[in-house]
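Have a look at the structure below before the remarks.
In this chain, numbering begins with 1 at the start of the sequence shown.
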Amino acid sequence: MAEQAGKANVGLVGLAVMGQNLVLNMADHGFRVAVYNRTTETMERFVAEHPDTPGGLVGCKTEKDLVAALERPRKIILLVKAGAPVDAIAEQLAPLLEKGDILIDGGNSLWTDTIRREKAYAAKGILFMGSGVSGGEEGARFGPSLMPGGSQEAWRAIEPIWRAIAAKVDEKTGKPIEGAAPGKPVKGGVPCTAHIGPDGAGHYVKMVHNGIEYGDMQLIAEAYALLRGLLGLDPGELADVFADWNEGDLDSFLIQVTSEVLRQRDPSRPKKFLVDAILDSAGQKGTGRWTAVNALDSGVPATTITEAVFARALSALKDQRVAASKKLKGPDFAYKGGKKALIDAVRDALYCSKICSYAQGFALMAAGQQEYGWKLNFGEIASIWRGGCIIRARFLQKITDAYAREPGLVNLLLDPYFKKQIQAASPNWRKVVALAAQAGIAAPAFMSALSYFDGYRSAVSSANVIQAQRDYFGAHTYERVDQPRGKHFHVDWPDPKRPQLDA
């Protein structure tokens, strides 16, 4: 159509680093991008600094200019702070839009907010999507993992853009295709994006992704603490260990990053390692906490992920920990075994714990789809996490394979591959957890993962005592092992001679 000639293919609001990088990614793939930022000077400087992008940039001083610059149906990506800012900019844009236009929230929004927004804007004829964007600044620039949720109509409109800008993996090996550079995007490969489901499904899956990321990072940190505490390895030696692990089953972005982090020298003290100068107090932005809260609300035992969140909270109590260290003494313990044996054992413990952490994350997504009426493709979700995102790893191909073998798999621990891996490595896993306890080295994620595994594989647990307690003080009733499930009983405690049936 004549009036569409020269129009931008897509618009973006929010030119912080993530927004700028996503714009350049789209422009590198030939899309003409209209850009708007609340601070006009930021927009003007950004456009001036990139005059020769393949697709071209259109600077817009107002929301009205942005809408006028776009082809129909208009597609506008919002990359602003989650919460009230998303609502504010969406409400400013909505009166300027027409039926069938699309707003895409690419931030880390709470999935229930996305459900609310999708419903509200659908009533106005505007299509609202929530898309997880993982990979940090580098991913946004050269290929993120994208997790869009919303209507099929909205997905069809943005699919060509999302598939073009997403990270790519090799079709045969599943490994990320590297080598993207400014103006030279990766050619070929399988895009790391797929339509996750309706309304808030995309943001929900991105939240669980981030929860799993918390678990991965905590497990790696505990492996570092154990090897340093028990073997006395310095960061350079540990960097070599993680680099070696990255050649095997633990091959992943986070293991690679850890090796590079540990090898880095302190710019102000070149003979020292930088990691030793970094304060041991970890920050968090909230998505891991959302995952833990949702697990508690859903009754899903995501223990390793939740322990990772709590570990960050405990790390933040730096002053209290320093004071406590002077008053609370740990065990006097020295490891006397072999160096290689312990390194191998910690590797096995890390891999087994990682399996449990991912099993918990996928179980949480299964509960989420049941609660919200989604139909999530777990194998596909694992496959789009193989490239671009922070948790990208060789391991994810095994999860894709597991769901290909059994789409209705209840828990990853029951898959033949993962069952075999844990059975083979669990003696080392138990050894490491015991050593951590003996040495007084905090390893909450390792320990909780092992407890999850042992709890999940137990046909009989100690919960009968808990249920008896509940009936004693609150008349909450109990079921009997010799009666059909669903039939409840109560006894007038503490006299065991007066059972009463309450069918």
Side-chain angles (χ1 to χ4, degrees), residues 8 10-29 31-61 66 75-86 88-89 103-109 130-148 161-162 164-167 176 178 180-186 192-193 202-203 206-207 209-210 213 217 253-254 256-257 260-261 264 267 278 282-288 387-392:
V10 62
L12 184 138
V13 177
L15 291 173
V17 176
M18 282 286 290
Q20 291 185 19
N21 283 352
L22 200 65
V23 167
L24 294 174
N25 187 350
M26 291 188 286
D28 277 353
H29 285 87
F31 297 103
R32 187 169 174 80
V33 188
V35 295
Y36 168 76
N37 195 72
R38 184 178 61 178
T39 305
T40 302
E41 291 80 5
T42 300
M43 176 275 294
E44 291 176 334
R45 183 170 58 253
F46 174 67
V47 173
E49 289 173 350
H50 302 91
D52 300 318
T53 59
L57 307 181
V58 180
C60 304
K61 294 184 178 181
L66 176 68
K75 299 171 284 291
I76 302 176
I77 302 166
L78 311 179
L79 269 181
V80 298
K81 188 176 180 181
V86 175
I89 190 63
L103 290 173
I104 307 124
D105 177 10
N108 274 331
S109 287
S131 181
V133 179
S134 181
E137 298 170 7
E138 188 77 5
R141 181 64 183 88
F142 297 114
S145 175
L146 296 166
M147 294 153 258
I161 301 173
W162 254 228
I165 68 173
E178 310 288 352
K184 297 180 180 179
V186 165
C192 291
T193 187
H203 273 147
K206 174 57 163 60
M207 176 199 72
H209 163 284
N210 284 22
E213 179 184 316
M217 294 173 73
F253 174 70
L254 283 171
Q256 174 193 336
V257 164
E260 294 174 5
V261 161
Q264 177 65 45
I278 296 174
Q284 53 182 307
K285 290 187 175 180
T287 47
C389 69
I390 302 301
I391 65 171
R392 59 185 182 267

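We find the OG1-NZ distance between Thr287 and Lys206 to be 6.0 Å, quoted to the nearest 0.5 Å. Rounded to the nearest 0.5 Å, atoms CD (Glu44) and CD (Glu49) are 12.0 Å apart. Separation of atoms CG (Leu12) and CG (Leu78) is listed at 8.0 Å; rounding is to 0.5 Å. Note that CG of Asp105 and CG of Leu79 are 8.0 Å apart. Values are rounded to the nearest 0.5 Å. Taken from CD1 in Ile77 to CH2 in Trp162, the straight-line distance is 3.5 Å, to the nearest 0.5 Å.
Considering every non-hydrogen atom in both Ser131 and Ile104, the closest pair reads CB-CG2, 4.1 Å. The minimum heavy-atom distance linking Pro182 with Phe142 is given by the pair N-CE2, 3.5 Å. Between Ala167 and Gly143, the closest heavy-atom pair is CB-O, 3.2 Å. When all heavy atoms of Ser134 and Met147 are compared, the pair lying nearest together is CB-CE, 3.8 Å. The minimum heavy-atom distance linking Val47 with Leu57 is given by the pair CA-CD1, 4.4 Å. Smallest separation of non-hydrogen atoms from Leu66 and Val35: CD1-N, 4.3 Å.
Residues Glu213 and Asn210 meet the side-chain proximity criterion, which asks for heavy atoms closer than 4.5 Å. Contact annotation: the side chain of Leu146 approaches that of Val133 to within less than 4.5 Å [non-hydrogen atoms, C-beta and beyond].
Glu260 and Gln256 are linked by a side-chain donor-acceptor pair at a separation below 3.5 angstrom, with hydrogens and angles left out of the test.
Looking at His209, its side chain never comes within 3.5 Å of a backbone N or O of His203 through a donor-acceptor pair.
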Please output the side-chain donor-acceptor pairs of residues 15-28 that fall under 3.5 Å, not counting sequence neighbours, one pair per line with the distance.
| from | atom 1 | to | atom 2 | distance (Å) |
| --- | --- | --- | --- | --- |
| Gln20 | NE2 | Leu15 | O | 3.0 |
| Asn21 | ND2 | Glu137 | O | 2.9 |
| Asn25 | OD1 | His29 | ND1 | 3.1 |
| Asn25 | ND2 | Ala140 | O | 3.0 |
| Asn25 | ND2 | Ile165 | O | 3.1 |
| Asp28 | OD1 | Gly183 | N | 3.2 |
| Asp28 | OD2 | Arg141 | NH1 | 2.8 |
| Asp28 | OD2 | Arg141 | NH2 | 3.0 |
| Asp28 | OD2 | Gly183 | N | 3.0 |

